[in-house]
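For the numbers below, each heavy atom of this structure counts, side chains included, while hydrogens, waters and symmetry mates do not.
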Amino acid sequence: MNEQVKVKELDSVVIRFSGDSGDGMQLVGNIFSNLAAILGNEISTFPDYPAEMRAPQGSLAGVSGFQVHLGASKVLTPGDKADVLVAMNPAALKVNKNFLKPQCVVIIDEDSFTENDLKKALFQTNDPFQELDLKNVQVISVPITSMTKAGLESYGLDNKSAVRCKNMFALGLICWLFNRPIDSVTPFLKKKFSKKETIMQANIKALTDGYNFGANTHATVTTYHIETNEHPKKGFYTDINGNTATAYGLIAAAEKSGLPLFLGSYPITPATDILHELAKRKDLGVKTVQCEDEISGICTAIGASFAGNLAATSTSGPGLALKGEAIGLAVMAEIPLVIVDVQRGGPSTGLPTKTEQSDLMQALYGRNGESPVVVIAATTPTNCFDAAYWSSKLAVEHMTPVILLTDGFIANGSSTWRIPDLNVYPSITPPFVPDSIKDIWKPYLRNEDTKVRYWAVPGREGFEHRIGGLEKDYTTGVISTDPLNHQIMTDTRQEKIDKIADFIPELKVEGSVDSDILVVGWGGTYGHLSSAVNSMNASGKKIAHVHFEFINPLPKNTHEVLSQYKKIIVCELNLGQFAGYLRMKYPEIRIDQYNKVQGQPFMVSELIDRFTKLMEEK
Amino acid sequence: MNEQVKVKELDSVVIRFSGDSGDGMQLVGNIFSNLAAILGNEISTFPDYPAEMRAPQGSLAGVSGFQVHLGASKVLTPGDKADVLVAMNPAALKVNKNFLKPQCVVIIDEDSFTENDLKKALFQTNDPFQELDLKNVQVISVPITSMTKAGLESYGLDNKSAVRCKNMFALGLICWLFNRPIDSVTPFLKKKFSKKETIMQANIKALTDGYNFGANTHATVTTYHIETNEHPKKGFYTDINGNTATAYGLIAAAEKSGLPLFLGSYPITPATDILHELAKRKDLGVKTVQCEDEISGICTAIGASFAGNLAATSTSGPGLALKGEAIGLAVMAEIPLVIVDVQRGGPSTGLPTKTEQSDLMQALYGRNGESPVVVIAATTPTNCFDAAYWSSKLAVEHMTPVILLTDGFIANGSSTWRIPDLNVYPSITPPFVPDSIKDIWKPYLRNEDTKVRYWAVPGREGFEHRIGGLEKDYTTGVISTDPLNHQIMTDTRQEKIDKIADFIPELKVEGSVDSDILVVGWGGTYGHLSSAVNSMNASGKKIAHVHFEFINPLPKNTHEVLSQYKKIIVCELNLGQFAGYLRMKYPEIRIDQYNKVQGQPFMVSELIDRFTKLMEEK
Amino acid sequence: MNSQYTAKDFKNEQQIKWCPGCGDFAVLNCLHKAMSEIGVAPADTAVISGIGCSSRLPYYMGTYGFHTIHGRGSAIATGVKVANPALSVWQITGDGDCLAIGGNHFIHAVRRNIDINIVLLNNKIYGLTKGQYSPTTERGYVTKSSPYGTIEDPFNPAELAFGARANFFARTIDVDLPSTTECMIAAAAHKGTAVIEVLQNCVIFTDGIHKYYSDKENRADRTIYLRQGEKMIFGKESNKGLVLQGLDLKAVTIGEDGYTIDDILTHDATLHDPTLHCKLAAMEGPELPLALGIIRNVEGINYDQAVVDQIHRVQANTQIKTFADLMMSGNVWEVK
Amino acid sequence: MNSQYTAKDFKNEQQIKWCPGCGDFAVLNCLHKAMSEIGVAPADTAVISGIGCSSRLPYYMGTYGFHTIHGRGSAIATGVKVANPALSVWQITGDGDCLAIGGNHFIHAVRRNIDINIVLLNNKIYGLTKGQYSPTTERGYVTKSSPYGTIEDPFNPAELAFGARANFFARTIDVDLPSTTECMIAAAAHKGTAVIEVLQNCVIFTDGIHKYYSDKENRADRTIYLRQGEKMIFGKESNKGLVLQGLDLKAVTIGEDGYTIDDILTHDATLHDPTLHCKLAAMEGPELPLALGIIRNVEGINYDQAVVDQIHRVQANTQIKTFADLMMSGNVWEVK
Ligand SMILES: Cc1ncc(C[n+]2csc(CCOP(=O)(O)OP(=O)(O)O)c2C)c(N)n1
Ligand SMILES: Cc1ncc(C[n+]2csc(CCOP(=O)(O)OP(=O)(O)O)c2C)c(N)n1
Ligand code: SF4
Ligand code: SF4
Ligand SMILES: [Mg+2]
Ligand SMILES: [Mg+2]
């Protein structure tokens with residue numbers, strides 16, 4: 001290793017910042033990805049926190065990571081394995097050992113690789129690289145801590161504060177490695193530490209020192225040059241994670257529909273940030289009630305919906321389980337409601353900080369009785385915006401609860417996002433009862449085309465009425481136990497949802513549309529499946545991909561699309577729930593499965609392997 | 001009508017007692033069916049209460065009915081339509097107008113058919129029979145109220161008490177009609193009114209008067225003679241409804257397993273009687289906690305299970321929805337738990353007093369994550385005993401939650417039951433950790449054949465351990481976030497449930513096993529499906545029937561059985577949940593559906609119509 | 001009050017389905033009457049309930065109404081009120097609905113001090129499910145689910161409400177229509193959560209359970225109707241009163257044992273410290289009269305108003321007025 | 001006590017995962033210590049929790065333990081205790097787990113008076129989910145979910161417990177290990193639900209939130225440690241005390257304003273009437289010291305014992321001893 005400076009020209013690169021929870025890796029990861037995005041790269045990032053609880057300093061459980069994938073053109077996932085790892089301590093090195101590409105660069109803080117540190121990470125020997133059998137890596141060992149401290153001597157900081165700047169030193173190094181001008185970083189630091197002038201200056205100094213160290217050092221390694229995207233679509237860009245995008249989608253829908261936005265929620269990992277984000281939006285009049293539990297979360301939302309707001313509730317799997325009964329009420333009452341479920345590893349408390357797609361069946365069926373709801377699944381961090389917008393639109397226009405499934409991976413992952421122009425989004429028109437039909441109106445009078453009942457919001461004179469969870473007469477809306485009426489109402493509630501298929505986009509097959517093999521996915525696996533398919537097509541292996549965002553009802557052309565392929569493989573992060581659902585709907589279509597339940601997203605490489613095998617099978 | 005006394009020899013007959021909620025119809029229905037059972041008939045009964053709320057006297061909503069079907073040999077349902085209706089008022093007549101066989105006998109209380117009474121039942125004219133277009137019926141119009149009062153003049157009763165005896169007069173009439181000696185009735189009355197001598201005597205007098213009135217009257221009608229079953233199996237018999245049978249099944253399982261029985265529950269129609277029944281059983285040491293809600297119901301049971309009891313919780317659909325999260329905990333903790341769901345009309349509060357089979361998907365999937373549980377469905381009132389016993393057995397021996405689905409129809413319906421001899425029931429052996437493996441034991445050490453972990457109950461020294469809802473390491477049982485371990489644990493939890501297929505009975509096809517057509521049902525529709533199939537086979541239309549009691553896992557020979565038939569029709573009281581589940585499991589098997597969502601059981605006649613049509617279809 | 005409404009404006013034509021003689025009828029009538037006097041339009045009134053006999057009440061109102069699911073009335077009413085504070089929001093609930101399954105939402109609504117009026121019909125039983133004991137059933141009472149008598153002590157709804165820091169609590173008896181109506185009107189006037197416990201008779205399952213206090217004959221001797229600023233006097237001859245001895249309340253006869261009218265406590269429902277209200281609410285026979293009327297009525301910050309205030313405060317200091325503003329306020333770059 | 005156990009018998013080898021400096025460590029140590037003195041075997045002890053940082057505690061015990069789901073600890077502990085009353089059952093919970101999602105189970109456990117010991121670690125925040133306000137967070141506090149400050153008043157856990165009719169309530173501070181241990185031992189001795197609120201510091205999200213009371217320097221002046229039968233005296237120089245004026249508690253200095261030691265109240269945790277306990281528990285600075293120690297400790301019928309008693313009573317009077325007896329006791333006929 002360590003020969004001389006070479007500039008590698010790359011299409012895309014994956015960098016992983018990793019260190020102890022207290023080392024500030026999330027911050028540098030964020031800054032670096034922002035920087036890259038501003039300079040015209042596409043980015044996709046993923047923070048990999050330790051489990052919720054803090055673990056002892058230096059321990060394996062305490063490692064916190066942030067991965068960023070940047071590239072010249074569309075980057076679809078945060079990447080399987082890293083080209084560059086920044087490991088601030090031995091634990092970080094150990095935890096990431098399986099996620100390194102051959103020939104990758106590993107930057108370590110020499111000062112944190114003492115015997116004591118190695119012990120904390122349960123190393124047996126003093127040579128961690130050998131012990132981990134890491135041979136083909138380029139190690140840049142830098143005394144980051146001591147150099148940071150040395151550089152800050154004149155700033156009059158206490159030791160703790162000075163040491164805290166070491167993440168900036170590391171960032172400086174990385175900027176050098178990737179040919180990123182560090183002056184683009186200073187605005188971030190100015191904003192972040194606007195109230196602490198000295199700290200800000202110290203951070204800038206450490207950053208500069210790191211950069212200079214890289215530039216001046218004789219320990220040369222490959223450095224990288226990434227093309228920037230020459231022709232991105234014009235417009236304003238930001239970088240956004242899935243939870244924020246979800247919150248923004250609700251805000252946008254509220255504005256478009258003219259309804260005030262209400263969120264009733266109870267904190268739960270990994271959904272809480274939606275509550276945090278909306279709680280900040282008092283400026284836009286958003287009302288958030290942090291409730292005593294999940295049931296109250298949905299029930300306050302049901303009350304708010306009854307009162308005429310665009311009402312939502314946000315949660316994760318265990319919380320969705322608690323909301324089942326109340327979702328049934330919303331089905332029966334036929335009121336709009338958006339229920340966001342950021343899926344995590346289950347069952348029970350399971351793996352709260354990990355990702356999974358195992359709430360699909362729960363979303364479809366987790367309630368008593370025949371109680372159909374709309375189910376939508378967001379596909380990427382930025383798609384969370386559109387998915388939340390669509391969820392709101394369908395909920396309001398079709399007077400129904402909509403369950404929006406996202407997951408820990410896309411909720412916390414982020415990518416570059418072109419700020420949308422709301423004017424080009426479809427309108428959202430609440431089906432308020434027109435005054436013109438006041439005489440014939442009854443609480444469950446429906447638009448016979450869509451089966452949607454009209455909405456009469458409290459406060460409106462002449463439309464006073466009572467609704468509830470008991471079965472109602474189809475015509476008058478009063479309580480009814482009549483057998484045939486129950487059949488009609490059950491059928492009608494189902495029909496209302498089925499008809500929504502007329503109002504959602506059809507499926508679009510990507511990749512080699514005319515191949516024999518179709519990869520089917522839904523929700524948050526889009527990036528990985530798409531990357532795998534693109535890469536195979538690029539290497540001449542023809543394969544198609546279709547991805548479901550609308551789960552219930554399914555797009556109208558679903559059967560048509562599926563029936564065109566000889567081999568269909570449904571890939572999901574569960575034991576096969578969507579595959580089962582498709583079999584239920586289209587038993588005549590033969591379906592293969594690829595499943596993974598490891599709390600982790602797919603790896604593009606494993607997908608390619610699996611698809612290649614499938615191609616070869618007779 | 002009214003020609004002369006003819007004695008009809010019948011194989012089976014359906015009698016419906018109907019009147020106002022206050023008229024005591026449930027009591028006479030019960031007595032009469034008991035009487036019939038004692039005299040050697042098979043019986044099947046079904047009470048048809050009004051909705052929970054009391055309705056105004058004489059109104060349609062206030063009608064309370066009790067139907068009994070008696071026959072010489074196996075009677076499988078309470079019957080579609082009545083041969084004899086006792087209608088104590090016009091509302092009772094109106095409500096039952098669609099449930100009368102041609103040429104049936106209708107006994108009315110003339111005194112309650114005044115203009116005023118007719119109005120309360122919303123009749124427009126003074127001829128209810130004509131208004132209801134009831135032509136082919138034999139009406140016995142008897143001034144029941146006044147004759148009852150007249151007969152009791154010497155008893156010194158106040159008017160209200162005397163009038164209350166009119167149900168016994170009606171019963172007397174029915175006894176005459178069916179050649180039932182009224183002295184067999186007196187023991188019931190003696191027991192019921194043991195503390196009120198005068199009332200008892202008055203009731204006996206009214207009964208006798210009714211009988212004599214029938215015998216002496218010149219208004220002659222067909223009377224019936226039902227064969228009694230000459231060769232019933234020897235033994236002791238009682239008559240039992242599904243909820244009581246469920247409670248007894250749990251008690252029996254507790255005794256067999258040597259575990260104390262614990263029920264944590266919150267009242268909900270139509271499941272509350274299970275709590276009532278078990279609360280009485282302090283004599284057998286049963287502990288019941290009436291909890292503050294359903295979540296506490298299941299959570300106290302989970303606590304009791306952890307502490308080593310046979311723990312159960314009972315509820316109906318909305319309550320099951322609330323228990324979803326906690327069921328997940330029991331899945332993860334791998335502890336035994338029986339969850340009884342007495343299904344009712346849904347969604348939401350729906351039709352609380354009506355029957356339905358729409359909680360199947362909820363039972364299978366109503367929780368976050370991949371969380372498989374055993375699902376069992378009881379088929380008849382008496383089968384509830386066996387189903388509850390089996391649920392307990394599988395829960396305990398396989399350390400898993402089991403959801404037992406019954407429904408409002410079988411829970412409230414009753415039939416003759418030969419009292420079981422527990423000695424012939426399979427043993428229930430809790431998988432306690434043997435002391436011999438103390439050294440290698442870990443909390444999640446499993447029997448590798450069954451994948452069942454060993455049970456170490458608090459109080460046992462040397463086995464102190466901690467469990468919980470977070471994912472655990474396969475080997476050590478401590479919390480683990482390792483990706484591969486999560487995959488293994490997820491697969492193992494699934495495998496554990498799948499393996500239970502080795503421990504449950506295989507399917508047995510009934511009817512004409514070798515026909516082309518297979519009727520498939522599950523749970524509480526057994527009686528109706530079986531009657532329809534038997535009757536078709538009896539009339540030469542060959543048809544087979546298979547009925548599922550074990551839903552998850554499915555019996556091992558399910559595929560084999562299904563694949564033997566050309567046409568399969570899955571009949572259920574929902575929109576097709578089991579049909580969908582079978583398609584998911586066996587997409588290659590073609591399945592037709594027959595569904596009904598009316599809060600009512602099937603009618604044998606509609607089934608026969610549907611099956612006949614299916615036969616005729618090409 | 002000068003309301004333009006009559007009770008009829010708050011009724012509708014639905015056939016009422018309670019058992020003849022049920023105490024719920026009286027409460028319904030009082031609510032119709034009270035609303036007509038409060039003067040909020042039926043269209044601006046929302047009546048929310050859970051499940052139970054009592055919870056059927058919204059069906060018999062001419063207002064907007066929502067018969068929801070068991071125990072969740074407080075949460076749903078909270079949502080209604082926060083979403084549209086202009087509505088007058090009422091929650092109708094039973095002892096099971098409110099204090100068993102709904103207990104948590106109830107105490108949190110009270111703590112947050114949402115401006116809703118909670119009418120709690122306490123018949124000490126689950127009526128709708130045909131007779132199981134409730135969290136207000138006395139120890140030892142035999143019901144369908146306690147065939148050998150219950151083995152738990154009941155909540156006193158007032159104590160629980162005060163434990164959750166209630167600012168308004170009133171108690172009445174179903175048969176006393178004027179008092180019930182009066183308390184409802186006061187509850188509506190109060191900004192914040194107002195709890196009115198109505199001792200309600202279930203003719204089917206707990207007939208006469210409140211008889212000791214509600215019987216016309218003894219009511220004056222066994223209950224005390226508290227009125228703001230008035231002496232705590234009761235008894236058929238209005239000659240009994242309450243005095244404080246140390247921390248204990250005592251019933252005395254004026255003119256006996258040296259007690260004069262001046263010794264008798266004066267009721268002040270507006271005391272911030274709930275101690276005396278709590279003691280009054282806890283009084284029981286035979287030693288002490290049962291407290292009726294408005295026991296506590298204190299001003300506090302109510303949640304729904306605080307939500308509005310906070311929004312106004314934030315909006316006064318922001319440039320972000322629309323979604324587009326929000327989008328441009330963050331870390332944004334332009335591609336030209 | 002003469003226990004055969006040491007703290008070590010109640011520990012295990014699990015690596016503890018709280019943040020360095022978290023107040024939970026102290027509570028854990030106290031529990032180990034207390035259990036060793038209580039003398040119940042680890043095998044006969046069950047420690048139940050919900051979800052939260054605090055709820056991880058059972059993993060660090062050498063007893064039987066169950067880390068269940070969020071908020072349900074009281075219900076699960078109830079099941080454990082009723083199923084096997086021979087076990088010593090502890091519930092470990094946080095302010096969110098116990099008073100937000102778990103509020104209903106908590107108040108009902110307290111009302112039923114199940115013989116469990118509830119240790120409530122109150123850090124006024126949701127620690128595990130990284131910093132949202134809880135039902136004990138003061139109004140106005142800024143957290144991740146209240147960026148402009150909360151707009152709700154908190155529960156006082158003691159008031160809520162008394163509202164639910166608690167018979168045992170103690171309060172301690174995490175840093176005061178001997179007192180916490182002492183209260184745990186007393187809780188174990190008490191038959192019925194015992195609640196111990198520990199003011200716990202979260203170094204990450206609410207660091208110093210209890211500082212006003214917990215600071216070594218001022219603790220003696222700002223808190224009072226109540227001891228059964230002893231005068232309510234506090235202060236660095238033990239010269240301050242509590243007196244009752246009307247219904248109000250007042251802190252006085254002995255020797256000033258004519259107050260002598262005889263005027264100072266004597267603590268009686270066993271008073272049946274909770275009024276004074278409630279007032280003591282509600283005390284706040286700066287006027288009054290915060291009450292610590294065992295505030296209330298009253299005997300009552302506990303539920304799990306009542307279950308056993310009722311079973312024995314019924315069993316003494318029945319012929320039904322087995323399932324077969326039950327079967328033959330009903331309406332049975334024989335076919336021969
Ligand atoms: C989730 C759920 N659990 C249980 C029930 C059954 N249930 C309906 S009302 C009720 C209790 C009603 O008691 P209360 O609130 O006192 O009302 P009351 O009928 O006495 O007026 C119960 C247990 C239900 N409908 N839903
Ligand atoms: C059903 C459910 N809802 C929400 C959560 C998320 N959650 C876990 S712990 C917690 C709050 C913990 O607060 P507290 O009980 O005060 O414990 P602390 O962490 O402060 O010790 C929340 C909201 C969950 N795990 N399960
Ligand atoms: S059961 Fe009781 S509470 Fe319910 S309607 Fe009848 S009398 Fe009223
Ligand atoms: S977050 Fe707070 S409560 Fe949780 S472990 Fe860390 S210091 Fe303790
Ligand atoms: Mg009640
Ligand atoms: Mg906390």
Side-chain angles (χ1 to χ4, degrees), chain B residues 34 37-38 40 188 232-239 248 251-252 255 260 262 264 281-287 289 291-293 295-296 299-309 311 325-326 328-329 333 418-420 422 457-470 478-479, chain D residues 12 14 41-49 51 58-59 61-72 74-84 86-87 104-105 107-108 112 303 307 310-311 313-315 317-328 330-336:
Chain B
N34 267 310
I38 292 177
F188 289 103
K233 209 169 161 195
K234 277 182 189 156
F236 290 94
Y237 285 77
T238 186
D239 125 271
Y248 286 0
I251 293 173
E255 191 168 305
F262 179 99
R281 296 280 69 89
K282 296 275 178 303
D283 42 20
L284 295 177
V286 178
K287 291 179 179 177
V289 177
C291 294
E292 57 275 17
D293 63 14
I295 299 178
S296 176
C299 284
T300 53
I302 287 174
S305 171
F306 176 71
N309 281 15
E325 192 209 2
L329 175 63
R418 187 164 170 279
I419 291 175
L422 271 201
V457 170
R460 209 158 147 209
E461 213 192 301
F463 293 90
E464 296 85 349
H465 67 284
R466 279 64 51 193
I467 60 173
L470 287 164
V478 304
I479 301 174
Chain D
N12 71 20
Q14 283 298 306
D44 293 327
T45 304
V47 184
I48 312 297
S49 68
I51 301 286
Y59 287 120
M61 301 296 300
T63 62
Y64 282 91
F66 199 176
H67 176 234
T68 70
I69 43 178
H70 195 34
R72 316 303 171 190
S74 299
I76 292 174
T78 295
V80 173
K81 184 69 184 179
V82 173
N84 183 357
L87 297 174
N104 208 29
H105 310 305
I107 59 178
H108 281 273
R112 292 198 189 97
Y303 183 91
V307 171
Q310 192 170 67
I311 288 177
R313 210 162 50 246
V314 173
Q315 287 184 333
N317 295 303
T318 181
Q319 299 308 318
I320 300 176
K321 307 284 182 197
T322 65
F323 175 74
D325 297 341
L326 172 63
M327 288 301 93
M328 299 309 292
N331 178 29
V332 170
W333 61 92
E334 188 175 1
V335 172
K336 285 181 195 147

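Side-chain N or O atoms of D:Thr78 include one that pairs as donor or acceptor with a backbone N or O of D:Ser74 at under 3.5 Å.
Across B:Phe262, B:Phe463, B:Phe188, the residue that shares the most heavy-atom pairs under 4.5 angstrom with chain D is B:Phe463. Taking B:Glu292, B:Lys282, B:Arg460, B:Arg418 one by one and counting their heavy-atom pairs under 4.5 Å with chain D, the maximum is reached by B:Glu292. The candidate with the highest count of non-hydrogen atom pairs below 4.5 Å against chain D, out of B:Ser296, B:Cys299, B:Ala307, is B:Cys299.
Using modelled atom types, one finds no donor on one side chain facing an acceptor on the other under 3.5 Å when comparing D:His67 with B:Arg466.
Taking CD1 of D:Ile320 as the reference point, atom CG of D:Asp325 lies at 7.0 Å (rounded to 0.5 Å).
Only the side chain of D:Arg112 comes within contact range of chain B, with at least one heavy atom under 4.5 Å from a heavy atom of that chain. The part of D:Asn12 that comes within reach of chain B is its side chain, from C-beta onward, which places non-hydrogen atoms under 4.5 angstrom from that chain. Neither the backbone nor the side chain of D:Thr45 has a heavy atom closer than 4.5 Å to any heavy atom of chain B. Using a 4.5 Å cut-off between heavy atoms, D:Ile48 touches chain B through its side chain atoms alone. If you measure heavy-atom distances from D:Ile69 to chain B, the contacts under 4.5 Å come from both the backbone and the side chain.
With sequence neighbours excluded, the residues that form a ring-ring contact (aromatic ring centres under 6.0 Å, His included) with D:Tyr64 are B:His465.
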